[in-house]
Protein chains: 2
Amino acid sequence: MVRRSGRRPGNQDTRTSILEAARASFAEKGYDKASIRGIAGDAGVDPALVHHYFGNKEKLFLAVMNAPINPGELIPQALSGPRDQAGERLIRLALTVWDSPAGAAALAVFRSALSNEWTARLLREFVVTQILRRAAGEIIDDPAEAPMRTALVATQIAGTMVARYVLRVEPLASAEPEVLVAAIGPNIQRFLTEPLPEVFKQP
Amino acid sequence: MVRRSGRRPGNQDTRTSILEAARASFAEKGYDKASIRGIAGDAGVDPALVHHYFGNKEKLFLAVMNAPINPGELIPQALSGPRDQAGERLIRLALTVWDSPAGAAALAVFRSALSNEWTARLLREFVVTQILRRAAGEIIDDPAEAPMRTALVATQIAGTMVARYVLRVEPLASAEPEVLVAAIGPNIQRFLTEPLPEVFKQP
DNA sequence: CGATGAATTCAACGGTAGATGAATTCTGAG
DNA sequence: CTCAGAATTCATCTACCGTTGAATTCATCG
């Protein structure tokens with residue numbers, strides 16, 4: 001690569017500090033209520049600089065989400081293992097990710113999806129293609145039941161995320177992850193493998 | 001040229017048409033994104049008229065919610081009956097309310113609570129004082145376990161509402177209520193009455 | 001009829017938002 | 001040192017927002 005004349009991209013500190021401020025702000029307020037002006041303020045920077053680096057708010061959001069969300073390894077790891085403990089492994093994976101540093105990005109996507117249409121589509125596609133489709137093939141026996149079973153699993157996991165991280169309902173918000181794994185895992189397991197009610201068995 | 005200014009004959013029910021437009025708009029967009037200007041537009045009315053009738057946006061929201069949300073009869077009815085079917089009755093009650101005309105108001109409160117602090121407080125107080133506290137006394141044996149059990153129940157019900165009514169995930173959104181009652185009820189029952197994991201039994 | 005007052009609209013204020021393009025500062029290559 | 005070009009800022013534009021007060025119309029009462 002030929003070095004062209006001019007200032008080197010040496011000071012990319014500000015670029016990442018914008019990204020950090022954006023991640024925190026999106027996680028705390030969701031896509032709509034997080035403002036570029038506020039993010040720029042948190043990063044100690046002029047709002048126009050955000051546009052200079054990221055183009056617009058949508059691209060900034062995507063840039064924030066691109067880095068940390070990479071479930072290539074985690075998901076298969078959560079799916080392998082005793083089939084009758086898959087429920088526990090799924091909820092444990094969710095809690096582990098959300099309590100980790102990358103959890104801010106996950107919370108940002110989730111919170112945004114609850115109040116914004118295009119981020120909701122983003123989340124749906126991500127969940128469907130990256131998580132549920134794999135889980136369906138690995139764990140659920142009858143393919144015809146997979147959509148309903150995975151959707152039911154999604155209700156329990158989404159509800160846990162809403163209560164613990166969005167609404168911060170006690171004692172859930174302060175509970176140890178393993179407590180929730182032990183309490184919620186079996187219910188997810190039931191959605192995965194136990195017989196569905198007969199009323200569902202009609203096309 | 002039609003003069004559009006000033007009092008127009010006949011229409012005495014503009015107040016209710018504002019309320020209807022507001023209920024629909026709050027349910028669809030939540031408190032923050034629903035605008036008084038948009039509501040007034042849907043009602044075919046000047047925005048200032050909304051203020052004339054309801055004072056401000058907060059009071060309009062409360063006026064919309066005041067009428068249909070009156071759980072005085074429904075809740076006791078859902079709690080009375082065989083104890084081992086309380087889970088099914090709870091999720092059935094939720095689905096019944098949300099699928100009824102009053103459901104728009106419930107959805108408005110819920111959706112707003114997910115992205116707005118003071119509506120979240122409103123929902124929490126309502127849920128705690130009107131629903132959970134009664135359920136705790138009637139169904140849960142050990143009072144010490146009541147907070148965790150009711151919170152777990154809340155995760156499953158809130159998750160169902162999020163998936164079915166907010167994110168509109170299929171096949172949940174189109175499922176018959178009784179299918180969901182049969183599928184989800186037993187899991188709520190488990191949160192209510194089956195033993196909690198030992199890991200929880202330490203203060 | 002004229003007066004009253006409620007129903008309704010108009011125009012405007014102050015605020016925040018995302019976005020844009022020109023102007024300025026800085027830095028390193030030649 | 002010079003100077004191009006990247007980094008950064010400034011001043012604005014447009015578009016909504018909730019809210020307000022004054023102005024208009026009109027049904028009704030005396």
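Reckoned from all heavy atoms, side chains included, excluding hydrogens, waters and symmetry mates. Here is the naming used below: chain letters follow the sequence lines, and residue numbers restart at 1 for every chain.
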Peer 1: So do the side chains of B/L152 and A/N187 get within less than 4.5 Å of each other, counting heavy atoms only?
Peer 2: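 Result no, sub-4.5 Å side-chain heavy-atom pair not found.
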
Peer 1: Rounding to a whole Å, what distance do you find between B/F54:CZ and D/dT20:C1'?
Peer 2: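 It is 18 Å, rounded to the nearest whole Å.
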
Peer 1: Taking C-beta and beyond as the side chain, do A/F191 and B/I184 meet within less than 4.5 Å on heavy atoms?
Peer 2: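 Heavy-atom side-chain distance check passes, below 4.5 Å.
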
Peer 1: Just how far, in rounded Å, is P of D/dT24 from CG of B/L49?
Peer 2: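 These atoms are roughly 18 Å apart.
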
Peer 1: Could you check which residues of residues 27-46 of chain A get a heavy atom under 4.0 Å from DNA chain D? Sort them by number, please.
Peer 2: A/V45, A/D46

Peer 1: Go through the steps for A/Q156 and A/T160 under the test side chain to side chain donor-acceptor pair (under 3.5 Å), then give the verdict.
Peer 2: CA-CA 6 Å; A/Q156 178 58 78; A/T160 306; 3.1 Å; yes

Peer 1: Return the value, rounded to whole Å, for the distance between atom NE2 of B/H51 and atom P of D/dC17.
Peer 2: 12 Å

Peer 1: Between A/I18 (CD1) and D/dT9 (C1'), how many Å, whole number?
Peer 2: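 After rounding, the reported distance stands at 13 Å.
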
Peer 1: When you match A/E58 and B/A48 each to their closest nucleotide on DNA chain C, which lands nearer the 5' end?
Peer 2: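 This one resolves to B/A48.
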
Peer 1: Anything under 30° is parallel, anything over 60° is perpendicular, the rest tilted; go ahead and classify B/F110 against B/W98.
Peer 2: perpendicular

Peer 1: Calculate the interatomic distance between B/H52 atom NE2 and C/dA7 atom C1'; express it in whole Å.
Peer 2: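 Going from NE2 in B/H52 over to C1' in C/dA7 covers 7 Å.
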
Peer 1: Step through the shown structure and confirm whether more than 12 heavy atoms of other residues, nucleotides or ligands are within 6.0 Å of CD on B/E176.
Peer 2: no

Peer 1: Just how far, in rounded Å, is P of D/dG18 from CG of B/N116?
Peer 2: 12 Å

Peer 1: Is there a side-chain contact between B/L93 and B/V97, using heavy atoms and a 4.5 Å cut-off?
Peer 2: yes

Peer 1: Just to confirm, is there a sub-4.0 Å distance from OP1 or OP2 of D/dT8 to any side-chain nitrogen or oxygen of A/T14?
Peer 2: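 It does, given that an N or O in the side chain of A/T14 lies less than 4.0 Å from OP1 or OP2 of D/dT8.
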
Peer 1: Quick one: A/N56 CG to D/dT14 P, roughly how many Å, whole number?
Peer 2: 20 Å

Peer 1: Does C/dT8 have OP1 or OP2 sitting under 4.0 Å from an N or O in the side chain of B/Y53?
Peer 2: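 For C/dT8, OP1/OP2 do have a side-chain N/O of B/Y53 under 4.0 Å.
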
